[in-house]
Every structure is written in structure tokens, then in C-alpha cells.
Amino acid sequence: MHYAEITGWGKCVPPAVLSNDDLATFMDTSDEWITSRTGIKERRICHCNFSDMALVSARQALAAANLQPEELDLILLGSLTNDSLCPNTASIVADALGARNAAAIDVNSACTGFLYGLHIGTNLIRTGAHKKVLVIGGEFISHYMNWSRRDVAVLFGDACGAVVIEQSDKECGLLAARIGCEADAKYAIQITNLGSAYSRLSDEFLYIGWNFEGQEVFKRAVKAMAQGCEDVLKETGLTVEDISLVVPHQANKRILDALAKRVGIPDDKVFVNVHKYGNTSAGTIPVALAEALEEGRVKPGDFLLTASFGAGLTWGAGVIKWGDRVTPLSLSDATLPPCDQTALEILAPHIERYANREQSG
Ligand code: UT7
């Protein structure tokens, strides 16, 4: 029996910070509302391409695992905000890395994109079909934001993370996972006006629309993630006492509190960074994992619990057993292209376009 050990990890958060007060300069919101409803204080805005963020996190993960790009045999990239419809972003990253022996697949399942990818990659390694897989998760969600929608725009941010998983005989990596989809509620989170279901001849084509049923998603997220956690604990024969740290999807601090309560895990065992980045969709779990390692919160042999929920409405949960190494074997000096604008300056033309649209009715 093979296992799929996580041997490398990395993250990329763009430098431009958009605070709650920045948002209140152009929409009817406040730091008080956003903080009390979500726990979010600030988020990052990407100034380059999504693949640039993916590349930086991938290079960090490869360096941490001390792996050459040509040793990879598969890249799985979870995102819905790809550079282009075609080619897929996994191919763009493969080429930029020089991963010429890797197949390249995009996994479009929104916030669960990373967990779905980790599950697929792990099982391809466990069956022996692949040996060294790069799993990336991230989002350039500000690019697809409707900046006149205060109920949605304050929630999200841009970031990306990655892990390398490698075939191992030691019992470690993602030991159990449950993934699913409440497809009957798929339109509770919907981005409209983009895609072949929408006419390219319509004036609406220029304006991205969002359907977002926040309260419905909140309730379903807590329930599905908690059920997923209970299922994977049962499957592995572990109890919550065996779990050292929960590294969940970061959409809202209140969701994390409700999840911890429902699963019976103390708050101090839940890794939280939603206050710094907001909801970065497929980016939240790999970024949180990289930060948990940086902060020394993962020890050799630890059992981690993870869970996610997002558009689809897709969900997932997993138990990860960490291996022997919690420090990177080497470091990458990869960085994003320089950014000489503030977050508000990057967004200004987009904010203006949506404001003009609102005014013209
Ligand atoms: O990644 C997975 C997908 N996402 C999620 O898991 C998110 C799940 N949902 C949530 O996190 C929460 O439902 C939200 C944070 C989105 C909303 O929190 P809520 O406590 O459910 O607020 P609400 O939607 O009930 O809105 C309460 C009020 C409304 O005003 P009225 O109708 O009571 O007068 C909204 O219009 O707050 C108003 N509101 C705002 N006010 C100030 C909505 N957005 C804002 C805003 N600033 N940004």
C-alpha cells in the first residue's frame, strides 16, 4: 500500500492590502459591520496574473520538497479564476516551471478546488498511477468581482498556495477524505454573464453579476463541513482529541466558530487567518497550511483535520497525518512582478465602471 506524503508547501499573497476602511471609501459598509459579521479586517488584491501567484507558490513548494520541476508527473490546479479559458492554467504553470513530464489538469470546484485536487492527487499516488504531484489552489477573485455589491465584495481576496505530494511507504498524507456536492443548491453562489450560457452580444456581457445567498450558504457550510469531519474521523478511527490542528477553509470567522463547536474542537486548535486575507476560495487551505507550518503549529506525526465548502455547492473534509519533516529542505527566491500601486489604485477603474453602471440604472 502506498501513501502520498506532503513533502513541500508554499504560498503567495500579493502585496497590495485592501482594508475594511478602504472598502468604506466607495461602498456603503463599515469596518464594524465587516468585522462583526465575518472577522475579516483586510484582504489582498492581485496586480498581476493568477498564474504568477500560482508559479510563486509552486516554486516554494518544489524547493521545500527539494524536487526538480521535471520530476513532477502531474499538476492539479484548483481555481475558477484562470488566466484564460484556453489553455488551462495548469499548463501555463507547467511550462513556466519547466515541468515537461507532468500532465496538467485544472480543477474547477471553487473553494473546495484545493481539497478536491489533494484528494484526486493522493488517490492517483495511492493506486500507483502517479508518483510526484503538485497540487495548487488559489484565486484571483477580485478580477471577477462586482464592485457595486457590498454583500459580496467585502468577503473575498486574492491568494494562492501549493503542496507537493510524493509516493511514500510511511502511513502519512491525506489518510481519509470525503468530498461531495449539494448540486440542488448550485445557484446559491453564482457568477453570471460569463460563460457560454450567456450571450456575448448582450451589453450585460461586460458586467459580472453575482447571486449570493449568504445565510443559506452559511448554514449549509457549517452542516456539511461538520458532517464531513465526523465521517473522516470515523473512517480513520480517530477522535477529536487525536487532532492537533484543524486547517479549514477560511470564509468567515463565525463559520469556523460554529464548526469548532459542532465538531467539539477547542477554538485554539483551529487555525485562523481569515482576518488577514478574507475568503481566497481555493487558496485558503494551502495558504493556511503553509502559515501553520511557518508558525511551528504542525509537529512531526500530527493529525490535522481539514474541511471546505463553496460554490457548487461543493464540500469536502479530510484527515492528514503529517510526516517527519516540518521545515522546508530549501527555500525559493521566486517573487511576483513588482507592484507600484495601492489596492485602491489597482481597483479604481473597475470601481468606477460599476458605479457608472449603477447610476445609469
Ligand atoms: O466560501 C464559501 C462561500 N461563502 C460563505 O461561506 C459565506 C457564507 N455566508 C456568510 O458568511 C454570511 O451570511 C455573510 C457574511 C455573507 C452575511 O452575514 P449575515 O449575518 O448573514 O448578514 P445578512 O446577509 O443577513 O445581512 C444583514 C444586513 C442586511 O441589511 P438589512 O436587510 O438587515 O437591512 C444587509 O443588507 O446587513 C446588510 N449588509 C451590509 N451592511 C454593511 C450586507 N452586506 C453589508 C456590508 N456592509 N458589506
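Along the sequence shown, the residues carry numbers beginning at 1. Numbering of ligands and ligand atoms starts at 1, following listing order.
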Checklist entry - Does a side chain donor of either Ser51 or Asp83 reach within less than 3.5 Å of an acceptor in the other side chain? => result yes

Checklist entry - Which ligand 1 atoms does Val154 reach within 4.0 Å, using its non-hydrogen atoms? => result 48 (N)

Checklist entry - Quick one: nearest non-hydrogen protein atom to atom 25 (O) of ligand 1, plus distance? => result Gln215 NE2, 2.5 Å

Checklist entry - So, His249 versus Thr284: side-chain donor-acceptor pair below 3.5 Å or not? => result yes

Checklist entry - Side chain, backbone, both or neither: which part of Met27 has a heavy atom under 4.0 Å from ligand 1? => result neither

Checklist entry - Side-chain contact, heavy-atom cut-off 4.5 Å: Val246 with Leu304? => result no

Checklist entry - Tell me, which protein residue and heavy-atom name are nearest atom 8 (C) of ligand 1, and how many Å apart are they? => result Gly214 O, 3.5 Å

Item to check | Region of Phe218 that comes within reach of ligand 1 [heavy atoms, distance under 4.0 Å] | outcome: both

Checklist entry - How about atom 6 (O) of ligand 1: does it have a protein heavy atom within less than 4.0 Å? => result yes

Checklist entry - Is any side-chain heavy atom of Leu18 less than 4.5 Å from a side-chain heavy atom of Leu347? => result yes

Next on the checklist: Does Lys186 have more than 12 heavy atoms from other residues, nucleotides or ligands lying within 6.0 Å of its NZ?
Outcome noted: yes

Item to check | Contact atoms of ligand 1, heavy-atom distance to Asp151 under 4.0 Å | outcome: 44 (N)

Checklist entry - For atom 1 (O) of ligand 1, is the nearest protein heavy atom under 4.0 Å away? => result yes

Next on the checklist: Can you see whether Thr38 engages Asn252 through a side-chain donor-acceptor pair at a distance of less than 3.5 angstrom?
Outcome noted: no

Item to check | Pick from Trp33, Phe212, Trp315: the one approaching atom 41 (N) of ligand 1 most closely through a non-hydrogen atom | outcome: Trp33

Next on the checklist: Suppose we measure from atom 18 (O) of ligand 1 to each protein heavy atom; which comes out shortest, and what is that distance?
Outcome noted: Arg254 NH1, 3.9 Å

Next on the checklist: Closer than 4.0 Å and a protein heavy atom, does any atom meet both conditions relative to atom 29 (C) of ligand 1?
Outcome noted: no

Checklist entry - Can you list the atoms of ligand 1 that are under 4.0 Å from a heavy atom of Ile255? => result 6 (O), 8 (C)

Checklist entry - Would atom 14 (C) of ligand 1 count as contacted, meaning some protein heavy atom under 4.0 Å? => result no

Next on the checklist: Only heavy atoms of Arg37, strictly under 4.0 Å: list the atoms of ligand 1 that pass.
Outcome noted: 19 (P), 20 (O), 22 (O), 27 (C)

Item to check | Contact atoms of ligand 1, heavy-atom distance to Cys111 under 4.0 Å | outcome: 1 (O), 2 (C)

Checklist entry - Side chain, backbone, both or neither: which part of Ile189 comes within less than 4.0 Å of ligand 1 when only heavy atoms are counted? => result side chain

Next on the checklist: Using modelled atom types and a 3.5 Å cut-off, is there a donor and acceptor pairing between side-chain atoms of Glu235 and backbone atoms of Ala176?
Outcome noted: no

Checklist outcome for this item: Note: ligand 1 atoms sitting under 4.0 Å from heavy atoms of Phe309 are 1 (O), 2 (C)

Next on the checklist: Distance alone, cut at 3.5 Å: any donor-acceptor contact between the side chains of Ser332 and Gln60?
Outcome noted: no

Next on the checklist: Looking at atom 11 (O) of ligand 1, tell me if a protein heavy atom falls under 4.0 Å from it.
Outcome noted: yes

Next on the checklist: Counting non-hydrogen protein atoms only, what is the nearest one to atom 38 (C) of ligand 1? Give residue, atom name and distance.
Outcome noted: Arg150 NH2, 3.6 Å

Checklist entry - Tell me: protein heavy atom nearest atom 47 (N) of ligand 1, and distance? => result Thr29 OG1, 2.7 Å

Item to check | Residues Ser19 and Asp22: side-chain donor-acceptor under 3.5 angstrom | outcome: yes

Checklist entry - Is there a donor in the side chain of Arg357 and an acceptor in the side chain of Asn146, or the other way round, less than 3.5 Å apart? => result no

Checklist entry - Between Arg44 and Pro14, is there a donor-acceptor pair closer than 3.5 Å when you use the side chain of the first and the backbone of the second? => result yes

Checklist entry - Under 6.0 Å between ring centres, would you say that holds for Trp210 and Trp147? => result no

Next on the checklist: Give the atom numbers and elements of ligand 1 that come within less than 4.0 Å of a heavy atom of Thr38.
Outcome noted: 15 (C)

Next on the checklist: Any side-chain to backbone donor/acceptor pair from Asp302 onto Lys299? Under 3.5 Å, distance only.
Outcome noted: yes

Item to check | Numbering as shown, the atoms of ligand 1 that approach Val217 to under 4.0 Å (heavy-atom distance) | outcome: 3 (C), 4 (N), 5 (C), 6 (O)

